[in-house]
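Down below is the structure, laid out as structure tokens.
Just so it is clear: chains get the letters A, B, ... in the order the sequence lines come, proteins before strands, and each one is counted from 1.
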There are 2 protein chains.
Amino acid sequence: MGVPSASPLFLREPEIRRGVELLYFGYSHMTGAIDKTLEKQGLGRAHHRALYFIARQPDMPVSELLRLLNITKQSLGRVLTDLADRNFVESRQGQRDRRQRLLRLTPTGSALETELFEALREKMGAAYAEAGQESVTGFWRVLEGLVPVHLRDRIASLNSGS
Amino acid sequence: MGVPSASPLFLREPEIRRGVELLYFGYSHMTGAIDKTLEKQGLGRAHHRALYFIARQPDMPVSELLRLLNITKQSLGRVLTDLADRNFVESRQGQRDRRQRLLRLTPTGSALETELFEALREKMGAAYAEAGQESVTGFWRVLEGLVPVHLRDRIASLNSGS
DNA sequence: GCAGATGGGACACCCATGTTGACGTATTAT
DNA sequence: ATAATACGTCAACATGGGTGTCCCATCTGC
């Protein structure tokens with residue numbers, strides 16, 4: 001054990017840079033897919049993120065959304081006010097804890113989220129199909145490793161919880 | 001062929017949403033890794049993106065950087081002015097076309113880029129190591145599929161060209 | 001050699017989205 | 001009763017995008 005083990009080849013600089021760049025451009029392109037639709041509605045990406053996660057987990061309390069998005073109350077407040085004014089999101093009082101406001105989409109909001117998701121599905125689905133199922137598994141695994149542990153549970157529960 | 005072939009299972013909504021979410025959180029976390037260092041320098045992420053790609057392709061003309069980053073001349077100009085003022089980036093006249101300004105990092109700029117890259121390498125390397133080489137290949141394949149074709153060549157040439 | 005296209009820089013101005021800090025109120029927990 | 005929590009809201013500010021306009025140097029095609 002006196003000899004330090006060499007980094008595997010895929011941990012060398014070019015391979016890391018390739019990942020960094022593909023992640024940057026891939027992310028940019030995915031998010032770019034919804035810009036036209038958002039603009040038609042006069043909304044921005046911040047609105048979409050809120051819309052998206054509320055769709056994923058109806059009756060999500062504000063505090064949970066704050067933790068997911070990792071932004072301040074003020075920033076989220078602006079966005080939620082907009083979405084409520086435009087009748088995309090409504091909130092009701094929590095029954096277990098009446099201080100909480102549980103967020104959910106209105107039918108209008110749900111329709112918009114669906115439309116936006118279709119654009120994402122088109123991009124992501126094409127990439128999945130082009131790469132194949134095995135690649136998709138690897139894609140998930142690497143990204144999971146990039147996400148801090150405490151968030152992994154939260155993300156997983158988006159699927160099971162809804 | 002009269003029967004439409006069903007979508008493969010990995011193209012269904014939950015699998016697409018999983019990719020969308022992991023890509024969002026993974027990207028957030030990767031970029032978050034350099035925020036502290038950038039703040040120490042009084043720079044933002046926009047500065048880092050310019051720094052990064054200039055490091056990747058020394059003597060890159062401004063127009064090429066504009067195409068890569070997909071922002072306006074005005075936005076890039078602000079960033080490049082900052083970087084030049086702080087002696088991180090220098091430019092010289094192109095010899096083939098003297099209208100061009102070829103950008104490269106100064107030694108100081110190069111040292112900063114290296115420091116920032118180390119933070120990225122730590123995150124991305126940990127994710128690679130956790131997922132394994134096969135997963136990394138899949139990760140690349142899916143992301144390549146997300147990137148528009150004309151950009152793929154440009155990204156590929158970052159590796160061969162430097 | 002000149003006209004038009006191109007590369008680059010700069011101006012003023014606006015918008016979206018993030019930040020901090022402070023404060024208020026309802027509700028829950030100790 | 002008091003402290004902590006969940007939420008909302010105010011003012012003020014920073015960053016990093018965008019637009020439109022104008023300018024200069026230089027290259028290219030006719």
State whether B/Glu134 and B/Arg141 are salt-bridged, where the test is any N-O pair (Lys NZ or Arg NE/NH1/NH2 against Asp/Glu carboxylate O) under 4.0 Å. no
Please determine whether a side-chain nitrogen of the Lys or Arg among A/Arg17 and A/Glu21 lies less than 4.0 Å from a carboxylate oxygen of the Asp or Glu. no
Using only side-chain N and O atoms of [X], determine if any of them is under 4.0 Å from OP1 or OP2 of [N].
| X | N | result |
| --- | --- | --- |
| B/Arg98 | D/dA25 | no |
| A/Ser63 | D/dC7 | yes |
| B/His47 | D/dG16 | yes |
| B/Gln93 | D/dT26 | yes |
| B/Arg49 | D/dT15 | no |

As an exercise, state the distance from NE2 of B/His48 to CZ of B/Phe53, rounded to the nearest 0.5 Å. 9.0 Å
Going by number, which of residues 23-43 of chain B have a non-hydrogen atom under 4.0 Å from DNA chain C? none
For DNA chain C, determine which residues of residues 72-84 of chain A have any heavy atom closer than 4.0 angstrom to one of its atoms, and list them numerically. A/Thr72, A/Gln74, A/Ser75, A/Arg78
Between A/Val147, A/Leu23, A/Leu143, which is the residue that forms a side chain to side chain contact (heavy atoms under 4.5 Å, CB included) with B/Met30? A/Leu23
Whether the side chain of B/His29 engages the backbone of B/Gly26 through a donor-acceptor N/O pair (distance < 3.5 Å, no angle test) should be reported. no
Might you confirm whether atom CD of B/Glu118 has over 12 heavy atoms from other residues, nucleotides or ligands at distances under 6.0 Å? yes
Consider side chain to side chain donor-acceptor pair (under 3.5 Å). Of B/Arg154, B/Gln100, B/Gln57, which one does B/Glu64 pass it with? B/Arg154
Give a yes or no on whether a donor-acceptor pair under 3.5 Å exists between the nucleobase atoms of C/dT6, that is its base, and the side chain of B/Arg99. yes
